[in-house]
Each structure stands twice: as C-alpha cells, then as structure tokens.
Amino acid sequence: MTPNPTSSSTTRNLGIVTILGLGLVVLLGGFLTEPDDLMGDLVRIMYVHVPAAIMTYTGFVVGAIASGFYLWKRSEFADLVAHAAIEIGVISGVLLILTGAIWGEPTWGTYWSWQDVRLVSTLVLVLLYVGYLAIRQLPVDHHVRARRSAVIAIASTIMIPIVRYSVTWWSNRTLHQEASLTDGKLEDLTLFTLMVAIVIGLVAFAWLTIHRFRVLWLEQQVDNVGLAGAIAERRAEASTGVEAAVTAPSANGDPS
Amino acid sequence: MSDLVAILLAWALVIGGLGAYGLWTITRGKALAKLVPEDRQRWMTTETTNTETGKGESA
Amino acid sequence: MLRDAVLIARKDLRIERRSRVVLSQVVPFAILVLVLFAFALNADRQALADFTPGLFWVAVLFSALLAIQRATAIEGIDATSDSLRLSGIDPSSIFLGKAMAVCAQLLALEVLLLVGVFIFYDAEVDSSASAFALLVVTAIVAAIGVSAAGTLYGALTIGVRGQETLLPILLLPVLAPVLIGATRSFDDAFGSAAVNGWAWLSLLALFAVVYVVFGLLAYGILMEES
C-alpha cells in the first residue's frame with residue numbers, strides 16, 4: 001500500500017469513524033427508523049440534508065474564525081484552514097440546496113420556492129462564498145491573497161444574519177419545516193438517528209478539512225520549491241552552487 | 001419521481017459528492033507529494049509534533 | 001480624518017470631471033437598462049408600473065457596478081494606491097473618501113434613474129409627505145450602503161487581471177439584501193405593495209452602518225504592502 005501523504009493517525013481514525021458511522025446512519029436512517037406520518041419514507045432525506053446544512057454553516061464559521069486568526073497572527077496555516085473549511089462549506093451548501101430541491105418536489109410539489117427563507121438565504125450565501133473561492137484563485141502574491149480572502153471571509157460571515165433577516169422579512173411565509181429538533185414531534189429513534197448523522201457529518205467535515213488543508217499546504221510547498229529551485233539554479237550558474245534549500249518567501253504568479 | 005428515487009438520489013449525492021471530494025484530496029495529495037522534498041512533508045515524518053505516529057511505512 | 005477623506009473624495013470626483021467616464025458611459029448604460037426592461041416586459045405599462053421599484057434598483061445596482069469598477073480602476077492607473085499609501089494618509093480616510101465619491105455619483109445616478117422611471121414607466125409616488133420622505137431617505141441610505149460595500153470589495157480586485165468579471169460575482173450577492181430592502185421600501189413609497197417601508201429602511205441602515213464600519217476597519221489590511 002502506498003503511503004498517503006495527506007493522512008495521519010488522526011485522520012485515519014476520523015476516517016474510520018466516518019465510514020463506520022456512515023454504515024450506522026444508513027442502517028438506522030434507511031431501514032430501522034419509522035416513516036413519517038405526513039411525508040412517509042421521504043423523511044429519510046432529512047438524515048443527509050440536515051448534516052449537509054450543519055457542515056455548510058460550520059465551514060463558513062470555521063472559515064471566518066481561521067481568517068480572523070490569520071489577520072491576528074498572520075499564520076499561513078490559519079489562511080489555508082480557512083480556505084479548506086470554506087471550500088467544503090460551499091460544496092456542502094450546493095449538496096444542501098440540491099437535496100432540498102429533491103426533497104421539495106415530492107413533499108411541496110415544487111423543486112424551488114422563493115417563499116422559503118432557508119432555501120433563498122442559503123442560495124445567496126453559497127453564491128457569496130463562491131466569490132470567496134474566486135478570490136482564492138487570484139494570481140497575486142500569497143500574502144496579498146491571504147489578506148484579501150480573510151477580509152472577505154469575515155465580511156461574508158457578517159452577511160449571514162443580514163441575509164437571513166432580509167429574506168425572512170421578504171417572504172413572510174415559509175414552507176420549510178420549523179427546526180424539527182425541539183418541537184418533540186420526532187420519534188426517539190428518529191431523533192437519535194438525526195443526531196448520529198449530524199455527528200458523523202461533523203467528523204467527516206473534520207476529516208475533509210484536514211485533508212484539504214494538507215493538500216493546500218503541499219500546493220504552497222510546490223510553489224515555493226519551484227521558486228526556490230529557480231533561485232538555486234541561478235545561484236549555481238553564478239558559480240557558487242548553493243544548495244536548493246533556499247526557502248524563498250512565496251510569491252508565484254500562477255493561479256494553480 | 002418516485003419517493004424511492006428521491007431518497008436514493010439525495011443520499012447518493014451527499015455521500016457520493018463528499019466521498020468523491022475526499023478521494024480527490026487523497027489523489028491530489030499523492031501527486032503533489034512527489035514534487036515536494038521529503039523534509040517539507042510534515043505528515044510523512046515522525047519528528048513533527050503535528051502527528052503522533054507519522055508513518056513509517058514510506059514506500 | 002474627515003478632512004483627508006474629503007480631500008480624497010474631491011480628488012476622485014475631479015478625475016471624473018476631467019475624464020467624464022461615468023457621465024459618458026455609466027449614465028447612458030443606466031438609461032439603456034431602463035429601456036431593456038421595457039422591452040423585456042413587452043412595454044406592458046401596468047407591469048412596468050407595478051415592478052418599477054425592483055426594476056429601478058436593479059438598474060441602480062448594475063450602474064453602481066460600473067461606477068465602482070471605474071473608481072477601482074483609477075486606483076490601478078499609475079499605481080495611485082501606492083502613492084496614496086505612501087502619502088501617509090490613514091487608510092480609513094482613503095476608504096471614506098473613495099466611498100463618498102462613489103456615493104455622490106450614485107446619488108446623481110439615482111436621481112437620473114428616478115426621472116427615467118417617472119417618464120418611461122409612469123411611476124407615481126403616493127402624494128404624501130411621508131412617502132416622499134421615505135423615497136428620499138431610502139435612496140440616500142441605500143447609496144451609502146452600496147458605495148461602502150462597493151469600495152471595500154472594489155479594493156479586493158485592485159491590480160488583478162479579470163477584475164471586470166470578478167467584481168460582479170463578489171459584490172452582487174453582498175448587495176442582495178440592499179436590493180430586497182430598497183425595493184420593498186420603494187414599494188411602500190410608490191404604493192405598489194402594502195408593506196412597511198420604514199421597517200425595510202432600518203435594514204438598509206443596518207447594512208450601511210455595518211459596511212461603513214467594517215470598511216473603516218478593514219481597508220488598512222487591504223492596502224498593506226505585500
């Protein structure tokens with residue numbers, strides 16, 4: 001087995017928990033839980049939909065915290081963590097919207113409802129964070145990009161309540177289920193399954209974030225090595241033959 | 001769209017989507033690791049404080 | 001701080017007065033958008049009147065994008081932002097000044113577009129002092145919010161190729177709450193929907209305050225030398 005450069009014992013354990021937990025969620029959510037009184041088996045979509053929602057907003061919030069930390073300490077790691085977390089937040093957000101639409105069609109009779117607060121506000125927020133990912137692709141100096149990204153990540157997080165409130169007022173009625181955890185309507189096993197699914201979602205989020213972070217870190221190393229190599233060659237030409245161990249301060253013009 | 005199709009589609013999207021993304025990070029990590037000198041691959045080495053066991057099983 | 005900001009704002013407005021880019025390009029564009037909406041809605045007078053508030057604000061946002069792009073571009077020319085930074089003026093003042101200049105241009109655009117919708121779309125404001133006040137205050141508060149957010153996000157795209165395509169995708173989702181709030185507020189002023197425009201105005205005010213404060217704090221980070 002070839003070693004996996006982005007895994008460690010921590011992530012391996014997280015990965016094992018994710019896979020075992022996923023099996024449990026499939027068993028519980030797919031077979032053992034009772035169908036809902038109103039929507040029948042369709043309620044089973046909840047066990048992937050709700051974790052996706054939690055992952056989306058966790059990604060955005062973790063991204064903002066890491067960005068704040070970056071601006072405070074100027075830690076390259078925090079910058080990459082922010083990138084990783086928000087990227088996963090956006091992916092989960094897209095999945096969230098898609099599963100919402102799939103769920104909406106048979107239960108509400110429509111894929112999309114402009115009257116629904118969570119649908120519309122999630123869409124706007126995901127689009128907002130797509131902008132963040134666009135900034136991450138900017139062909140500028142690492143530090144400039146990191147600073148700009150951090151500012152956007154924090155601004156976008158400030159937007160979460162603003163978007164939520166504006167959309168809530170805008171569409172006075174909502175089709176969406178009220179938060180179903182608190183109203184005591186759910187059966188015990190259903191609630192338990194949902195909790196398990198959320199926890200597994202968060203574990204998967206941690207696994208993905210760590211892996212993505214390490215890939216980003218490697219990408220940055222490749223950029224640096226490329227630059228350091230170029231500098232080393234130049235020096236070798238200049239006859240001294242300095243080792244390629246020069247660690248030049250980042251800066252690579254290429255977006256990739 | 002029948003209920004069953006809707007449920008399967010939703011589950012497949014979330015698990016498949018995130019799973020594919022996870023696999024992508026692994027393959028991309030492997031490809032990139034070839035370009036980075038050993039001493040800069042923090043998760044491959046045992047000395048770093050970041051990981052407890054690191055991985056001795058380097059190929 | 002305010003004096004420096006006024007200085008910057010006057011500098012930007014003077015550049016505009018000399019180059020006339022906003023006057024010769026953004027203004028015609030704004031009018032063009034109004035005309036296109038009329039075509040899109042098949043010149044249905046009733047529909048145009050009903051949807052005037054929304055159409056008005058979409059036209060404002062599109063024009064604002066161009067104005068902000070222009071304001072950002074003049075920073076890129078001759079590395080103006082570098083010399084500004086070296087001049088020792090506080091970044092917060094620079095932000096405030098640039099936002100004020102954009103805000104002044106936006107207000108002018110809004111007045112023009114309002115005249116446009118009155119002429120083209122038969123828009124009518126409720127003949128009460130409160131409706132008129134709502135109209136004016138909404139226009140001003142929204143302009144402040146849009147220019148503050150626009151100046152901040154514009155700074156993110158300075159010195160980047162493909163700036164023209166980047167700014168809209170960054171800024172338009174941010175401005176979505178402004179579009180919602182300002183449209184509803186105008187709905188009240190125009191009497192096209194029974195909503196409480198003043199409540200919506202408070203959302204716009206919140207947005208404006210958040211982005212002015214955030215811009216004052218964050219602009220320095222963006223201006224830092226790499």
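To find a chain, count down the sequence lines: A is the first, B the second, and so on, and within it residues start at 1. This one's a predicted model, so the numbers in the text were calculated from it and none came from an experiment.
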Scored by heavy-atom pairs under 4.5 Å with chain A, the best of B:G19, B:A31, B:G17, B:G22 is B:G22
Engaged part of B:L4 at the chain A interface, taking heavy atoms whose separation is under 4.5 Å
neither
Using the ring centroid of each side chain, check whether A:Y70 and A:F77 are separated by less than 6.0 Å.
no
Measure distances from [X] to the heavy atoms of chain B and classify the residue's part below 4.5 Å as side chain, backbone, both or neither.
X: A:V26; result: both
X: A:L22; result: side chain
X: A:L42; result: both

So, B:S2 side chain and B:V5 main chain: donor-acceptor pair closer than 3.5 Å or not?
yes
Is it true that a side-chain atom of B:W11 and a backbone atom of A:R44 form a donor plus acceptor pair closer than 3.5 Å?
yes
Exercise: do A:T56 and A:Y129 side chains pair donor with acceptor under 3.5 Å
no
Would you mind reporting whether A:Y132 and A:E87 have side-chain heavy atoms less than 4.5 Å apart?
no
